[in-house]
Structures are given as structure tokens and as C-alpha cells.
There are 2 protein chains.
Amino acid sequence: MRIEDEIKQPVFRNQYEKAIINLSYTAGWLQMRQAAAFKPYGLTLPQFNILRILRGQHPCPATVALLIDRMLDKTSNASRIVDRLVEKQLVTRTVCPANRRAVDIRITETGLALLGRVEANNLLDPTHMGLGSLSAEELGLFNDLLDKLRTVE
Amino acid sequence: MRIEDEIKQPVFRNQYEKAIINLSYTAGWLQMRQAAAFKPYGLTLPQFNILRILRGQHPCPATVALLIDRMLDKTSNASRIVDRLVEKQLVTRTVCPANRRAVDIRITETGLALLGRVEANNLLDPTHMGLGSLSAEELGLFNDLLDKLRTVE
DNA sequence: CAACATTAAATGTACGTACATATATTTGCA
DNA sequence: TGCAAATATATGTACGTACATTTAATGTTG
């Protein structure tokens, strides 16, 4: 559906403004679908992403600094997201013996099992998440346009 | 810059995953730039958008329901955003005489003046906000791809 | 008219983001 | 050694989003 119809605004001042609004709206649309997909498992998207990073490290621990480095959004507060995962016993947090400033964060068996159940449902495949309607060629074009959009000066 | 380099992840499992991450990342990138542009004026983006809606109604009042209807994000909490605008005296809130359940929200002279100052700086033009690097043709294509992306089934 | 449903907005709670500051530990160097 | 700087994380505050519940006013219907 065209963005004009989605948000019931028949006309934009220019194509730039339309693209800005379309981009924000579409990103929000995608985020809502992702959040809804995780909800039955009691997870948010940032929590899911951290669990995946921890599984990538498993059985080695990760530190908060490593999580921040791997996360898309650098300003998000990894400490507090880990807090919630600890409460749900999906993750453990222990002082790092080698460097007592740091903490060792590990995914638990429960966490691994939950991650497995979430992924078994193919929650992130394009059909569920949109984008299924774009061809490989269109996806490539789309990625190029996004990259170009961010170039300033 | 390519998304692979932006987030230092050299490879994606497939083009879909790359597009999803690229879309989220780019929308976040844009939102950061917008927030930074409004910050010197003590405004957030939702506050700015509500001020614009109120100016569109001026000198008539708007209700909370009208604001929600016009806002991109329907689940955001217009009541509380208006709270902050009232505190800053950019907006007034009075009980609607015709329907005492509703409230009449009006932009003040201070609010109009602030909006004028913000816009005088061209804060939302494509050069400041990115997208300046895209041609008219590319913008059209980009909008079409976003619209198509959201079609499911 | 009274009882109940509907409507409009406000409030509460959980979570995340953005940014500043605090606390504890380690490192480096005079 | 001792002390300042750097490092790793936690905490605090303001704001917004998502969603449920509450409060007050208005409609509706028997």
C-alpha cells in the first residue's frame, strides 16, 4: 500500500519529505512485527539480539563492552537489558576473575533452549517480517539506496 | 558507506537479513540526526510534530483524539507529550465547553514563535537530514520499494 | 429517569533510549 | 609506593512507546 494511503496524507511537500516519512513509518512497521513475534516468548528484540550474541560466544562469556560493540544501537543500555535476562534466568552474570571491573555474562541452558524454540518458528524469515515481496534484484537495489541515503556532504 | 562497514559485520546470512538490518540502522541514523537538530530548541521530534499539527489547526483547538489521528505512531501517548508542551508554555489545555470529556489544546504565541525559529533554520531539509545524495528518480524508486516491502501475502 | 454502555482522556507499569554521573578496579608513571 | 588517569560497569533522570486500567462525562435504552 502506498504511504499516502497508509497514513491518510494525500500529498507531501516534496519527495524528500515523503521519503523521510516513508522510511520512519516502514521501520516502525517492521519493528512492530518483530516485537509481536517475540512477545509470546516474553522477549523484546534487544533481549533476543543479546541472547544471540551470547550464544555466539558460548561457552565463553561475554562482557558488557562486547555486547555494546556487537549491538546495532551503541547508546542502548546493555547493563539493564542484561538485568532483565538475569531475572528470567536466561543469562548469568558473575564478576570476571581476571579483571574484577568486568563481568562475565553467559547464556544458560534455559536461554539456549528458548532461543532454539524462537528460531524453530522461523520468526525472522522474510514472509513473516515483510520483504518477501521484493526480488533479489530489488533487495540489492534497496540496500544500495539505503547506503547512499546516509552519505552526507 | 556500506552497511557492512558501518556496523563492522562483513557478511549477512542473506539479502533479506541485510535489508532488515540496513532499514533499522538507517531509520535510527535518521532519527538521531533529527533529534540532534531539535535539541538546541529543547524539543523532541514528537513534540515538534504535535506543534505542527496544532499550528495547522490554529486558531481552532485540537483534541487529544485529533492529535493521535494525525500522528504517525498511533500508540504513542499524546496526553503525556502535551503535558511537556504545557509545562514549557508552548501549548494550552482547557476543558472543552461543548464536551467536558474532551480537552481543547491550542498552540500559544510562544509556541508559534518557536516553530518559526526552528523552521527558519531549514532543519528538515535534505542536506541536513541526509537523502540529499539521492536524485529525484532514486527517491521515487526508494519510496516504491518501501511501499512494496510492506506488502505481505 | 435510572442503569448501563460508550467515549475521551489520564494514569500506571514495564521497557527501551539518550545522556550524565557515580563507583569500583586497574594501570601507568612520578 | 602512591596517586592520578583510564577502564568497566552501574545508576539516575528525562523522555518516548506499548499496553492495560481508571476516571469522568455523555449517550442510550428500557
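Remember, it's a predicted structure, so these values are computed and weren't measured experimentally. Lettering of chains follows the sequences in order, A, B, ..., and the numbering in each one begins at 1.
- Side-chain contact between B:Lys18 and A:Phe142 is absent, with no heavy-atom pair separated by less than 4.5 Å.
- Under a 3.5 Å cut-off, the side chain of A:Thr108 and the backbone N or O of A:Leu90 do form a donor-acceptor pair.
- What separates CD1 of B:Ile68 from P of D:dA18 is a distance of 13 Å, to the nearest Å.
- The two residues B:Leu139 and A:Gln15 have their closest heavy-atom pair at CD1-CB, 3.8 Å.
- In this structure, B:Arg2 does not pair ionically with A:Asp144, as no charged nitrogen and carboxylate oxygen lie closer than 4.0 Å.
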Notebook entry, point to check: What does nucleotides 8-17 of chain D look like as a protein-contact string, B for base, S for sugar-phosphate only, - for none, at under 4.0 angstrom between heavy atoms?
Noted result: SSBBBB-SSS

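- Taking the side chain to side chain donor-acceptor pair (under 3.5 Å) definition, one finds that A:Arg80 meets it with nothing, sequence neighbours left out.
- Nucleic acid contact class of A:Lys74 (heavy atoms, under 4.0 Å, all strands): none.
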